[in-house]
Amino acid sequence: MTLPDPNRDTRPRLLILGGTAEARALAQALAARGDYEVSLSLAGRTRNPLGLPAPTRSGGFGGTEGLAAHLKAERIDALIDATHPFAAVISRNAAEAARIAGVPLLALVRPAWTRRPGDVWTEAADIPEAVARLGAAPRRVLVALGRNEVRALEAAPQHHYLVRSIDPVAPPLAVPHARYIEARGPFAEADERALLEEHRIDAVLSKNSGGAATYGKLEAARALGIEVIMVARPARPEVETVESVEAAVAWLQGLGLPKSAA
């Protein structure tokens, strides 16, 4: 007979997917409470992610089946998808893996940005459409996309691009006019306005990521009357969803999770 290990952590096990500010804030809130054994998983797309207050793994699980196997093997009691609003593939994998493993799933998604008086927005369904909506005439464009998505700009080489990303764009884009900025938000409106004016930007290419950290560019564009080509969010799985860390903690409490068996 195997006796229970008195040193084993018996708190309910929670896996959080995502390297977003929301994932970090949730992990911090749960660390302060101390009543869950929390682990985090990052997609591994950012080379130097900010520190997180819980054990963290980087890289994918190998799709739906791999994530489902991980949930079972690690005896995960609940899964929270706090990935980026544009991480559609990961969110679909999470929904299916949670179903296979029989694990409760919650999506923590920041609210989308909405048009405000004075905004000059042109909406696009995806990034290729957004690039096409820049038009045929050369423009000076601030590009606020992920470094893995900027290759779409090569379809419109006539524009002058100012590409901002956390990590370097490598190799550089195959376009004649591109400059690169490596920076991580938050970005203040005053700084964004100075950037737009310095580079004589006349269009901003942005995903509707939501959140406060990168909203400054939209405020600056509004003040300067600059057009924003706004990429709509992709469809997400139909799962229970909240928009705040507080609501996510309340959801966890509402599950009434028992302590894990020793």
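All values below come from the heavy atoms of this structure, side chains included, with hydrogens, waters and symmetry mates left out. Because the structure is predicted, anything quoted here is derived from the model rather than measured.
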K.L.:
Within the distance-only criterion (no hydrogens, no angle test), does the side chain of Arg233 pair as donor or acceptor with the backbone N or O of Asn208 below 3.5 angstrom?
P.N.:
yes
K.L.:
Do Ser41 and Leu15 have side chains that get closer than 4.5 Å, going by heavy atoms?
P.N.:
yes
K.L.:
Can you hop from Leu173 to Val204 via hydrophobic side chains spaced under 4.5 Å?
P.N.:
no
K.L.:
Under 4.5 Å between any side-chain heavy atoms of Tyr215 and Pro186, yes or no?
P.N.:
no
K.L.:
Evaluate the side-chain proximity of Trp251 to Gln253: yes if any heavy-atom separation is below 4.5 Å, no if none is.
P.N.:
no
K.L.:
Under 6.0 Å from the CZ atom of Arg179, do we count more than 12 heavy atoms belonging to anything else shown?
P.N.:
no
K.L.:
Are the charged groups of Glu219 and Arg193 less than 4.0 angstrom apart, N to O?
P.N.:
no
K.L.:
Say whether, by atom type as modelled, one donor and one acceptor occur between the side chain of Asp202 and the main chain of Arg139 under 3.5 angstrom.
P.N.:
no
K.L.:
Counting N and O atoms only, with roles assigned by atom type, does the side chain of His159 sit under 3.5 Å from a partner on the main chain of Gly135, one being a donor and the other an acceptor?
P.N.:
yes
K.L.:
With a 4.5 Å cut-off on side-chain heavy-atom distances among I, L, V, M, F, W and Y, is there a chain of contacts connecting Leu142 to Trp113?
P.N.:
yes
K.L.:
List the steps and the verdict of side chain to side chain contact (heavy atoms under 4.5 Å, CB included) for Leu145 and Leu205.
P.N.:
CA-CA 7 Å; Leu145 306 174; Leu205 181 54; 4.0 Å; yes
K.L.:
Is the charged tip of Arg236 near the ring of Phe86: under 6.0 Å from the six-membered ring centre and within 45° of its axis?
P.N.:
no
K.L.:
Would you say the side chain of Leu195 lies within less than 4.5 Å of the side chain of Leu162, judging by non-hydrogen atoms?
P.N.:
yes
K.L.:
Would you check if Leu224 and Glu197 make a side-chain contact, meaning some heavy-atom pair closer than 4.5 Å?
P.N.:
yes
K.L.:
Quick one: are Leu105 and Val103 in side-chain contact, heavy atoms under 4.5 Å?
P.N.:
no
K.L.:
Does a side-chain heavy-atom distance below 4.5 Å link Tyr180 with Pro168?
P.N.:
no
K.L.:
Looking just at side-chain N and O atoms, do Thr83 and Asp81 make a donor-acceptor pair shorter than 3.5 Å?
P.N.:
yes
K.L.:
Do Leu134 and Val231 sit in the same hydrophobic cluster, where Ile, Leu, Val, Met, Phe, Trp and Tyr count as joined when their side-chain heavy atoms come under 4.5 Å apart?
P.N.:
yes
K.L.:
Would Leu106 and Val249 show up in the same hydrophobic cluster when neighbours are defined by side-chain heavy atoms closer than 4.5 Å?
P.N.:
yes
K.L.:
Spell out, yes or no, whether Val228 and Ile181 are grouped together once hydrophobic residues are joined by side-chain heavy atoms under 4.5 Å, including indirect joins.
P.N.:
yes
K.L.:
Run the salt-bridge test on Glu189 and Lys217 with the 4.0 Å N-O cut-off and return the result as yes or no.
P.N.:
no
K.L.:
Mark yes or no for whether Thr20, through its side chain, and Ala82, through its backbone, hold a donor-acceptor pair below 3.5 Å.
P.N.:
yes
K.L.:
Can we say Arg133 and Glu227 salt-bridge, meaning some charged N sits less than 4.0 Å from an Asp/Glu carboxylate O?
P.N.:
no
